[in-house]
Amino acid sequence: MSATAALWLGPLGLDAAGFGQLFVHFAMLSLLAIGGAIATVPDMHRVVVGDRGWLSDAQFSASIALAQAAPGPNVLFVAVIGFNVGGMAGVLATLAGSLLPSAALALTASRWADQRRGQRGVRAFTDGLAPVTIGLLLSTSWVLTDPSRAQPASWWLVGGTLLFMTQTKLSPLWPISVGAIVGALGWV
């Protein structure tokens, strides 16, 4: 495979059906992304790593870590996963799948809800999304911590971060810095 083909099709050289599957799956997940795209990471992991074997567990986690460390919107991790699976065509498939359906739904629903914001059902629906968001984010955390979950230091980091974030109003950069130092020292 030429360098140009590898850039556009990625190391796996997916065919049109593979890119179609990638697009459709990420499009379906975009409609479940309550709390942001990061909340759908467990199912992305299930398909990309478990079902299809396109990425290893470590490659998947590294894709998310790299994108989260970079400046820019939180959804960048979708593009990095897409690139690692299918090159630039993978980026297009995952980003279009992640952004188009949810943007269209959000635009339509916000216009509809804005006209009916005082109705009891609209308020109940909005209030009910908070626990769903929390559950999705907890499942994301569970998947992302899988590689280091067996190490006691990771549990101390999670507990300490949770305590820090709920008991102080200080910047989350402090526990992130502690995590970076612990990781750099090889303790996790």
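Taking CZ of R117 as the start and CH2 of W112 as the end, the distance is 13.0 Å to the nearest 0.5 Å. In this structure, I176 CD1 and I181 CD1 are separated by 12.5 Å, a value rounded to the nearest 0.5 Å. A distance of 12.5 Å separates CD of Q59 from CD1 of I64, quoted to the nearest 0.5 Å. In this structure, OG in S61 is found 12.5 Å from CG in L66, a value given to the nearest 0.5 Å.
Hydrophobic cluster membership is shared by L95 and L92, with clusters built from Ile, Leu, Val, Met, Phe, Trp and Tyr side chains linked at under 4.5 angstrom. V143 and V158 are assigned to two separate hydrophobic clusters, defined by single-linkage of ILVMFWY side chains at heavy-atom distances under 4.5 Å. L22 and V91 end up in the same hydrophobic cluster when Ile, Leu, Val, Met, Phe, Trp and Tyr side chains are linked at under 4.5 Å. At a threshold of 4.5 Å between side-chain heavy atoms, the hydrophobic network of Ile, Leu, Val, Met, Phe, Trp and Tyr places M28 and V85 in two separate groups. Linking ILVMFWY side-chain heavy atoms closer than 4.5 Å, directly or via other members, places I81 and F19 in a single hydrophobic cluster.
A donor-acceptor contact under 3.5 angstrom links the side chains of D43 and H25, judged on distance only.
Considering only heavy atoms from C-beta on, Q21 comes within 4.5 Å of W54 through its side chain. A 4.5 Å side-chain heavy-atom check between D57 and H45 finds at least one atom pair inside the cut-off. For the pair F26 and V78, the minimum side-chain heavy-atom distance is below 4.5 Å. At a threshold of 4.5 Å between non-hydrogen side-chain atoms, the residues V41 and F60 count as touching.
Q68 contributes no side-chain N or O that, together with a main-chain N or O of F77, makes up a donor-acceptor pair within less than 3.5 Å. Listed for the R46 side chain is no donor-acceptor partner under 3.5 Å among the backbone atoms of D51. At distances below 3.5 Å, at least one donor-acceptor pair connects side-chain atoms of S154 with backbone N or O atoms of Q151. Panel note: side chain T40, backbone A33; no donor-acceptor pair is recorded below 3.5 Å. In terms of modelled atom types and a separation under 3.5 Å, the side chain of T108 and the main chain of L105 share no donor-acceptor contact. Side-chain atoms of S98 do not come within 3.5 Å of backbone N or O of S30 as any donor-acceptor pair.
Taking every heavy atom of both residues into account, S102 and L31 meet most closely at N-CD2, 4.1 Å. Looking at every heavy atom in both residues, P172 comes nearest to M165 through CB-CE, 3.8 Å. Closest heavy-atom contact between T140 and P42: OG1-CD, 3.3 Å. The two atoms that bring L32 and L136 nearest to each other are O-CD1, 3.7 Å, heavy atoms only. Heavy-atom minimum distance, A67 versus V80: CB-CG2, 3.8 Å. The two residues D15 and G18 come nearest to each other via the heavy atoms OD1-N, 2.9 Å.
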Requested in this report: Evaluate the salt bridge (charged side-chain N to carboxylate O under 4.0 Å, His left out) criterion for residues D114 and R111: first the C-alpha distance (whole Å), next the side-chain angles of each, then the deciding distance (0.1 Å), finally the verdict.
Outcome: CA-CA 5 Å; D114 191 45; R111 287 182 177 175; over 6 Å; no
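The 12-atom threshold is exceeded at CZ of R116, counting heavy atoms of other residues, nucleotides or ligands nearer than 6.0 Å. More than 12 heavy atoms of other residues, nucleotides or ligands sit less than 6.0 Å from atom CZ of F164.
Taking the six-membered ring where the residue is Trp, W155 and W142 present tilted rings, their angle falling between 30° and 60°.
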